[in-house]
Every structure is written in structure tokens, then in C-alpha cells.
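Report on the following structure.
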Amino acid sequence: MNRTTSITLAAILVVATVAIPLAAASVVSRGEAQAEPDADADTEIKPGERFAAAVGVQNAEIEGDVSERAFAARIANAESNRTKAAVVAAGVNETDARMTDLEDKLADLNESRETGAISEGRYRAAVATTVAEMRSLERRAATAETAAAELPPEALAAHGIDEESIRTLRERAGDLGGPETAAVARSIAGDDVGGSAGTEHDSERPTDIPAEPRDDRPPRTDNETNGN
């Protein structure tokens with residue numbers, strides 16, 4: 001490895017080391033600015049617990065984005081309705097299993113909070129991370145639902161799924177924990193907790209981009225170029 005390469009790698013490591021805490025700190029600031037108006041509960045949240053929530057939410061959003069893109073790519077690359085239905089079914093089953101895990105996790109968190117086994121700050125940080133992952137699963141289920149709508153019902157039935165079951169899974173992900181759980185997550189991580197980790201949301205992307213003017217004139221000949 002030459003000196004130039006070593007310097008470049010060192011610079012990348014420095015930038016990454018600085019960028020991650022700054023990104024997490026921005027999530028912390030967002031949560032502080034948009035916290036729920038529950039002053040007593042907010043005073044119980046320590047800075048370290050709020051930072052843990054920021055990091056957990058950010059990791060869940062990034063991992064969710066990667067998973068969603070990979071799932072969509074597998075569907076797009078399937079060569080037939082049968083193979084596409086198999087990919088959709090595998091994604092649905094995986095999402096369903098993870099949803100069950102998150103439901104159990106929320107139940108354990110609520111029980112630990114009631115018994116005083118964990119602090120209010122730790123509880124809210126864990127709930128925020130869970131909500132972020134739930135939103136990712138909801139988007140993944142929506143991707144499966146869209147793909148299933150384009151497939152023959154018999155292809156889906158061969159793998160034990162249908163459009164209605166996928167729709168139910170998406171709604172289950174969106175409703176998991178109810179409004180109280182969502183409010184707890186917003187109180188520590190901000191209103192857009194669980195959103196895509198991308199730089200732009202779909203609603204913010206420009207839709208009407210003017211096309212560049214086309215030049216339909218035939219190419220000039222050598223004689224025209226030389227002025228003849």
C-alpha cells in the first residue's frame with residue numbers, strides 16, 4: 001500500500017468517525033425539539049439514554065432501508081410469476097416472524113416498565129428503536145402487497161399467501177403498539193421516527209422535471225462543416 005492510499009484511507013476513517021456521532025446527535029436534537037409535552041417524564045430521560053435512542057433508531061432505519069431495497073430487487077429480478085410469488089412469500093413469512101418478535105419485545109418492555117425493572121429513559125429508547133423497525137416492516141409488507149397485486153392468485157396460493165393476508169400483515173405492522181407506543185417513540189426520537197433513512201422521502205422528490213430540448217436535425221456532412 002503506497003503513501004497516497006494510506007493517507008486516503010486515514011481520511012475516510014476520520015470522516016466516518018466524525019459523521020456517525022454528528023448524525024446521531026442530530027436525531028437527539030430532533031427528539032428534544034419535538035418531544036411530547038410531558039415534562040415530568042422528560043426529566044427522567046438521561047442524555048445517555050436519549051443518545052442510545054438516537055443511535056438505535058438510526059441503525060434500525062438504515063438496516064430497514066437496506067432490507068427493503070434488497071427485497072424489491074429480488075422481486076424485480078424474478079424471471080417468472082412462480083419465482084416472483086416464491087420471493088414474495090419468503091419476504092412475507094420473514095416479516096411475519098419478525099413482527100411476532102417485536103410484539104413479544106413490546107410486551108416485555110411494558111412489563112419491565114410497570115415493575116420498575118428498567119428506567120423510563122431506557123424504556124423509551126427501546127420503544128423508539130422498536131417503532132423504527134416496525135415502520136420498516138410496514139414498508140416491506142407494502143412492497144409485497146404491491147407485487148402480489150400483479151401476480152395470478154393461483155401463484156400466490158401455491159405458497160400459502162394471498163393479497164388479503166399480506167394487507168392484514170401491513171396493517172398489523174402499522175398498528176403494532178397503538179398510538180401510545182408511537183407517542184412514546186416520538187417523545188424521545190422525534191415525529192418522523194421510523195422514516196426511511198434516505199435523504200429524500202418520496203413525497204419530496206420532484207415529479208415534473210422539464211426534459212432537455214432535443215436536436216432532431218440530421219448530422220452535418222463534411223462539406224457543410226467546411227463551409228461548402
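The model shown is predicted, which means the values in this text are computed figures rather than measured ones. Along the sequence shown, the residues carry numbers beginning at 1. Every heavy atom of this structure was used, including side-chain atoms; hydrogens, water molecules and symmetry mates were not.
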Report the C-alpha separation of E171 and R167 in whole Å, then their side-chain angles, then the decisive distance to 0.1 Å, and conclude whether the side chain to side chain contact (heavy atoms under 4.5 Å, CB included) test is met.
CA-CA 6 Å; E171 294 172 350; R167 184 180 303 109; 3.7 Å; yes

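- Counting non-hydrogen atoms of other residues, nucleotides and ligands closer than 6.0 Å to CD of E111 gives a total of 12 or fewer.
- When each of E145, E68, E133 is tested with R139 by the rule salt bridge (Lys or Arg N to Asp or Glu O under 4.0 Å), just one qualifies, namely E68.
- Contact detail for A128 and A185: the closest heavy-atom pair is CA-CB, 3.7 Å.
- Within the 4.5 Å cutoff, the side chain of F71 has no heavy atoms near those of the T95 side chain.
- Not a single donor-acceptor pair under 3.5 Å links the side chain of S165 to the backbone N or O of I161.
- Looking at T83 and S80, their side chains do bring a donor and an acceptor atom within 3.5 Å of each other.
- Atom OG1 in T181 sits 11.0 Å away from atom CG in D175 (nearest 0.5 Å).
- Side chain of D96 to backbone of V92: no donor-acceptor contact under 3.5 angstrom is found.
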Test log, rule side chain to side chain contact (heavy atoms under 4.5 Å, CB included), inputs V131 and R135:
CA-CA 6 Å; V131 168; R135 295 297 169 262; 4.3 Å; yes

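- Note: R113 CZ to N110 CG = 7.0 Å, rounded to the nearest 0.5 Å.
- In this structure, L151 CG and I75 CD1 are separated by 8.5 Å, a value rounded to the nearest 0.5 Å.
- By the 4.0 Å N-to-carboxylate-O rule, D108 lies too far from K105 to be salt-bridged with it.
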Evaluate the criterion side chain to side chain donor-acceptor pair (under 3.5 Å) for residue pair R172 and T100; output intermediate values, then yes/no.
CA-CA 10 Å; R172 175 183 163 200; T100 300; 3.3 Å; yes

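- A salt bridge links E94 with R140; the closest basic N to acidic carboxylate O contact falls under 4.0 Å.
- Annotation: the span from N81 atom CG to E150 atom CD amounts to 9.5 Å, rounded to 0.5 Å.
- Residue-environment remark: CD (E154) exceeds the threshold of 12 foreign heavy atoms within 6.0 Å.
- Taking a 6.0 Å sphere around CZ of R122, one finds it holds 12 or fewer heavy atoms contributed by other residues, nucleotides or ligands.
- Note that NZ of K84 is 11.5 Å distant from CG of L156, once rounded to the nearest 0.5 Å.
- To the nearest 0.5 angstrom, T143 atom OG1 is 11.0 Å from E138 atom CD.
- Checking E63 against S136 by side-chain atom types alone, no donor-acceptor pair falls below 3.5 Å.
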Begin with the C-alpha distance, continue with both residues' side-chain angles, and end with the deciding distance and a verdict on side chain to side chain contact (heavy atoms under 4.5 Å, CB included) for R124 and E49.
CA-CA 8 Å; R124 293 189 177 217; E49 293 168 337; over 6 Å; no

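- Across A155 and A85, no two heavy atoms sit closer than the pair O-CB, 3.5 Å.
- The side-chain heavy atoms of N59 and T129, taken from C-beta on, include no pair separated by under 4.5 Å.
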